[in-house]
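Below: the structure, in structure tokens.
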Amino acid sequence: MDVSKDIVWHQHSVDRQRRERQLGQQGCVIWFTGLSGCGKSTIANALDAMLVAEGRATTLLDGDNVRHGLCAPPAVLQPEHGAEFAERFGLGFGAVDREENIRRIGNVAALMASAGLITLTAFVSPYRRDRDRVRKIVAEAGRASDFVEVFVDTPLEVCEARDPKGLYKKARAGEIKHFTGISDPYESPASPEIRLDGGAGKSVEALAGEVREWLVGNGVF
């Protein structure tokens, strides 16, 4: 039995255009990507605060935060749900788990953009294929221009020198497997909408301001 044939899309009484008119902005997904420690979460938070101060409707999805719930690893799920559930639905950090992590986040982000929100995300998202899939998900849910890839281009040596969580040190010692930039690759965007130079000594506010200027210049608000 093909259950998928019984799943149909229900049109809502309030469409996206009405929500966007009410908010005075276009919903979109601002997808920050880059190595751990590159500054993407810090910049995304600064941009979020900047936009909210201007009265914009935003939301922020952060890589660590979603790992507490939506994309929790097995160890987080097991105490509440048991070993079988945790093994089936928990996400580790291997290639397939990362693929599913980004797929889930991409769909959530697309839903939020469809509600008219400026949706900021901050994920390493190391594989081009996964980011391209999110771009497709977001485009199919709205407009091709709704996905804005922001590459925080910070050299590995700068990220490793910062190492705010001590992750690079653990990865170098072999304590963390599949760590992007050390034991796993990072595939940088070929043609991102925005490239931020995270190693040039610019302030967080200046880098966030570059993204804001792009949004204004491209009619998001």
Side-chain angles (χ1 to χ4, degrees), residues 1-10 12 27 29-38 40-42 44-45 48 57-138 140-142 146-147 163-187:
M1 180 180 179
D2 186 358
V3 179
S4 64
K5 293 181 179 178
D6 297 325
I7 302 174
V8 297
W9 184 266
H10 291 270
H12 295 170
V29 176
I30 313 301
W31 192 275
F32 288 87
T33 178
L35 292 168
S36 178
C38 71
K40 57 189 176 297
S41 292
T42 304
N45 270 281
D48 193 28
T58 71
T59 191
L60 173 59
L61 300 173
D62 181 81
D64 279 353
N65 291 355
V66 299
R67 286 286 187 171
H68 283 81
L70 179 66
C71 300
V76 173
L77 296 177
Q78 184 167 341
E80 181 71 23
H81 298 279
E84 182 180 356
F85 182 98
E87 182 64 27
R88 181 174 179 184
F89 297 109
L91 297 181
F93 292 89
V96 173
D97 296 83
R98 287 176 180 238
E99 179 180 339
E100 174 59 9
N101 179 57
I102 297 305
R103 187 196 70 83
R104 291 182 192 181
I105 296 306
N107 279 277
V108 170
L111 287 171
M112 290 181 170
S114 294
L117 298 178
I118 298 173
T119 306
L120 312 178
T121 76
F123 297 88
V124 174
S125 47
Y127 307 124
R128 291 192 194 100
R129 181 181 66 177
D130 293 341
R131 297 193 303 268
D132 288 344
R133 283 173 174 162
V134 174
R135 184 184 291 274
K136 182 179 179 182
I137 289 169
V138 173
E140 289 178 347
D146 289 344
F147 185 83
D163 204 11
K165 305 173 189 174
L167 299 179
Y168 283 99
K169 184 177 180 180
K170 291 180 179 179
R172 292 289 188 190
E175 297 175 24
I176 300 179
K177 307 297 182 184
H178 309 297
F179 191 78
T180 302
I182 303 299
S183 51
D184 260 19
Y186 177 78
E187 299 172 357

Q. Salt bridge between Asp132 and Arg129, side-chain N to carboxylate O under 4.0 Å?
A. no
Q: Give the ring-plane orientation class for His81 versus Phe85, where under 30° counts as parallel, over 60° as perpendicular and anything between as tilted.
A: parallel
Q) Has the side chain of Arg104 got a donor or acceptor atom that lies under 3.5 Å from a matching backbone atom of Leu70? A) yes
(Q) Rounded to the nearest 0.5 Å, what separates atom CZ in Arg133 from atom CG in Asn107? (A) 12.0 Å
Q. Would you find a donor on one side and an acceptor on the other, under 3.5 Å apart, between the side chain of Tyr168 and the backbone of Gly181?
A. no
Q.
Working to the nearest 0.5 angstrom, can you tell me the gap between Asp62 CG and Asn45 CG?
A. 7.0 Å
Q) Ring centres of Phe179 and Phe93 under 6.0 Å apart? A) no
Q: Identify the two heavy atoms, one from Gly92 and one from Asp97, that lie closest to each other, and give their separation to 0.1 Å.
A: N-OD2, 2.8 Å
Q.
Can you give me the closest heavy-atom contact between Ala44 and Leu120, atom names plus distance?
A. O-CD1, 3.5 Å
Q. What are the two closest heavy atoms between Thr33 and Val124, and how far apart are they?
A. OG1-O, 2.8 Å
Q.
Using 0.5 Å steps for rounding, measure from the CG atom of Leu35 to the CD1 atom of Ile182.
A. 8.5 Å
Q | For the student: nearest non-hydrogen atoms of Leu91 and Arg67, plus distance | A | O-NH1, 2.8 Å
Q | Approximate separation, where rounding is to 0.5 Å, of Thr119 OG1 and Asp48 CG | A | 10.0 Å
Q: Any chance you could measure Asp130, atom CG, to Glu100, atom CD, to the nearest 0.5 Å?
A: 10.0 Å
**Q.** Over all atoms of both residues, closest heavy-atom pair of Ile105 and Cys71
**A.** CD1-SG, 4.1 Å
Q) Do other residues, nucleotides or ligands put more than 12 heavy atoms under 6.0 Å from the CD atom of Glu87? A) no
Q) Shortest non-hydrogen contact from Glu187 to Tyr127? A) OE1-CA, 3.6 Å
Q: List the steps, then state whether side-chain contact (heavy atoms from CB on, under 4.5 Å) holds for Ile102 with Arg98.
A: CA-CA 6 Å; Ile102 297 305; Arg98 287 176 180 238; 5.5 Å; no
Q) Roughly how far, to the nearest 0.5 Å, is OG1 of Thr121 from NZ of Lys40? A) 10.0 Å
Q) Any salt bridge between Glu99 and Arg103, counting N to O under 4.0 Å? A) no
Q: Would you mind telling me which of Trp31, Phe32, Tyr186 makes a ring pair (Phe, Tyr, Trp, His ring centres under 6.0 Å) with Phe123?
A: Trp31
